Amino acid sequence: MAAAEEEVKTLFVSGLPDDIKEREIHNLFRIYDGYETCQLKYSGRGFQIVAFAVFTDQASALKAKEALNGFTFDPQSGSTLHIELARANSRTKRSRSEDVGPGAAEKKFRGPIGVPGVPYPDAGLSFFLAVHGIHLCRLDSVNGFSTPGSNPPCSTLFVANLGPTCTEEELTQALSRYPGFQKMKYQIKSGLPVAFVEFKDVLCSTKALSELQNFNLPSCDRGGMRLEYAKAKMGQPRTVRSTHV
DNA sequence: AGCACA
């Protein structure tokens, strides 16, 4: 069977932090259609860890790649995923597990874990949020990054450190592609643009914040843009403090 | 190091 034209349905994933666990990669991919299994490998030269994620077909693999490429895997270390189609498919046969070699410290995920034969329940919203907002970003809580000195997590982001020529259109382009984007308010504050950007919830704003932090827009003349949780959620009166909660 | 709109 010379599968000369065998469709590559495996993704090659790099940019992983060195304390990555196979479980994390598994949880990253498992909500995507067609995902089957993954394994970690130590890349040849350096001692970088890479992962191979196997899908049922190339189209599914590419969809997951599109969704996750560039994902800031670990905001604390700045690790950003780099995903491409693998050069060849993983041998996913349950062949000799001896071929794993000394490098592979982890057990492989051969399909869904949990009850044998019972697939995962599909990706419900809470699961999606749990995986992407909490587990993958390694947030301490569903509230996002609550770092001392910053505002508490908020679904509205404040964007600053933009160049004087940064237009509303440019900013909108950068921000509106993030999941949960709702609206942006752009204004000039003492000659420089700033913006308020509303997201569906804190997890969405957190993801955009962590991925766009320090991003260099073409117009920028002063280092990357800076994002913070806004002091007040868009559309919420700030003066109402009398009532509880 | 800059946080408005309702």
Side-chain angles (χ1 to χ4, degrees), chain A residues 15-17 19 67-82 125-126 128-245:
Chain A
L16 300 167
D19 59 348
L68 292 172
N69 207 0
F71 183 84
T72 300
F73 193 81
D74 184 351
Q76 274 69 47
S77 72
S79 304
T80 297
L81 291 187
H82 178 72
L125 179 61
S126 60
F128 180 90
L129 294 177
V131 168
H132 288 82
I134 300 170
H135 180 70
L136 286 172
C137 290
R138 300 181 184 181
L139 304 182
D140 288 339
S141 75
V142 294
N143 291 325
F145 302 108
S146 213
T147 54
S150 81
N151 301 318
C154 179
S155 64
T156 308
L157 297 180
F158 174 72
V159 187
N161 203 44
L162 303 165
T165 63
C166 176
T167 63
E168 178 166 3
E169 290 67 35
E170 185 182 19
L171 255 193
T172 304
Q173 275 195 356
L175 283 147
S176 63
R177 56 196 187 90
Y178 282 87
F181 171 90
Q182 291 185 331
K183 69 193 304 190
M184 189 183 88
K185 288 183 179 175
Y186 171 97
Q187 59 192 241
I188 303 292
K189 182 80 182 176
S190 56
L192 292 176
V194 295
F196 297 88
V197 189
E198 178 68 358
F199 286 85
K200 177 164 103 355
D201 55 39
V202 165
L203 287 171
C204 290
S205 64
T206 297
K207 180 173 157 80
L209 181 149
S210 64
E211 293 193 24
L212 273 178
Q213 195 62 272
N214 299 316
F215 184 83
N216 263 282
L217 290 171
S219 70
C220 210
D221 62 349
R222 58 195 64 216
M225 63 166 89
R226 187 172 55 263
L227 296 92
E228 303 169 16
Y229 295 118
K231 288 177 178 158
K233 180 174 164 61
M234 191 182 290
Q236 303 277 306
R238 213 163 44 125
T239 48
V240 177
R241 309 233 163 198
S242 43
T243 50
H244 62 15
V245 182

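Residue numbers begin at 1 in each chain, while the letters A, B, ... track the order of the sequences. Because the structure is predicted, anything quoted here is derived from the model rather than measured.
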How many whole angstroms separate atom [atom1] of [X] from atom [atom2] of [N]?
| X | N | atom1 | atom2 | answer |
| --- | --- | --- | --- | --- |
| Gln182(A) | dC5(B) | CD | P | 20 Å |
| Lys231(A) | dA4(B) | NZ | P | 7 Å |
| Lys233(A) | dA6(B) | NZ | P | 16 Å |
| Leu227(A) | dA1(B) | CG | C1' | 14 Å |
| Phe158(A) | dA4(B) | CZ | P | 9 Å |
| Ile188(A) | dC3(B) | CD1 | P | 15 Å |
| Leu162(A) | dA1(B) | CG | P | 15 Å |
| Phe196(A) | dA4(B) | CZ | P | 6 Å |

* Asked: Any donor-acceptor pair under 3.5 Å joining the side chain of Gln187(A) to the base of dC5(B)?
  ->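 It does not, because no donor-acceptor pair links the side chain of Gln187(A) to the base of dC5(B) below 3.5 Å.
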
* To do: Please find out if less than 6.0 Å separates the ring center of Tyr178(A) from that of Phe199(A).
  =>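 Distance test on ring centres: not under 6.0 Å, no.
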
* Does Asn161(A) or Lys185(A) map to a spot on DNA chain B nearer the 5' end, using the closest nucleotide for each? ->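 The residue closer to the strand's 5' end, by nearest nucleotide, is Asn161(A).
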
* For Lys183(A), which contact category applies under a 4.0 Å heavy-atom criterion: base, sugar-phosphate, or nothing? ->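 The residue Lys183(A) makes no contact with any strand.
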
* **Rounded distance (nearest 0.5 Å) linking atom CD1 of Ile188(A) with atom SG of Cys166(A)** =>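 If we round to the nearest 0.5 Å, Ile188(A):CD1 and Cys166(A):SG are 8.5 Å apart.
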
* Asked: With respect to Phe196(A), which candidate in Lys183(A), Met184(A), Gln187(A) satisfies the side chain to side chain contact (heavy atoms under 4.5 Å, CB included) definition?
  ->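 Of the listed residues Lys183(A), Met184(A), Gln187(A), the side chain to side chain contact (heavy atoms under 4.5 Å, CB included) partner of Phe196(A) is Gln187(A).
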
* Asked: Do the side-chain N and O atoms of Lys233(A) and Thr156(A) include a donor-acceptor pair separated by under 3.5 angstrom?
  ->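 Their side chains do not contain a donor-acceptor pair, so the 3.5 Å distance test is not met.
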
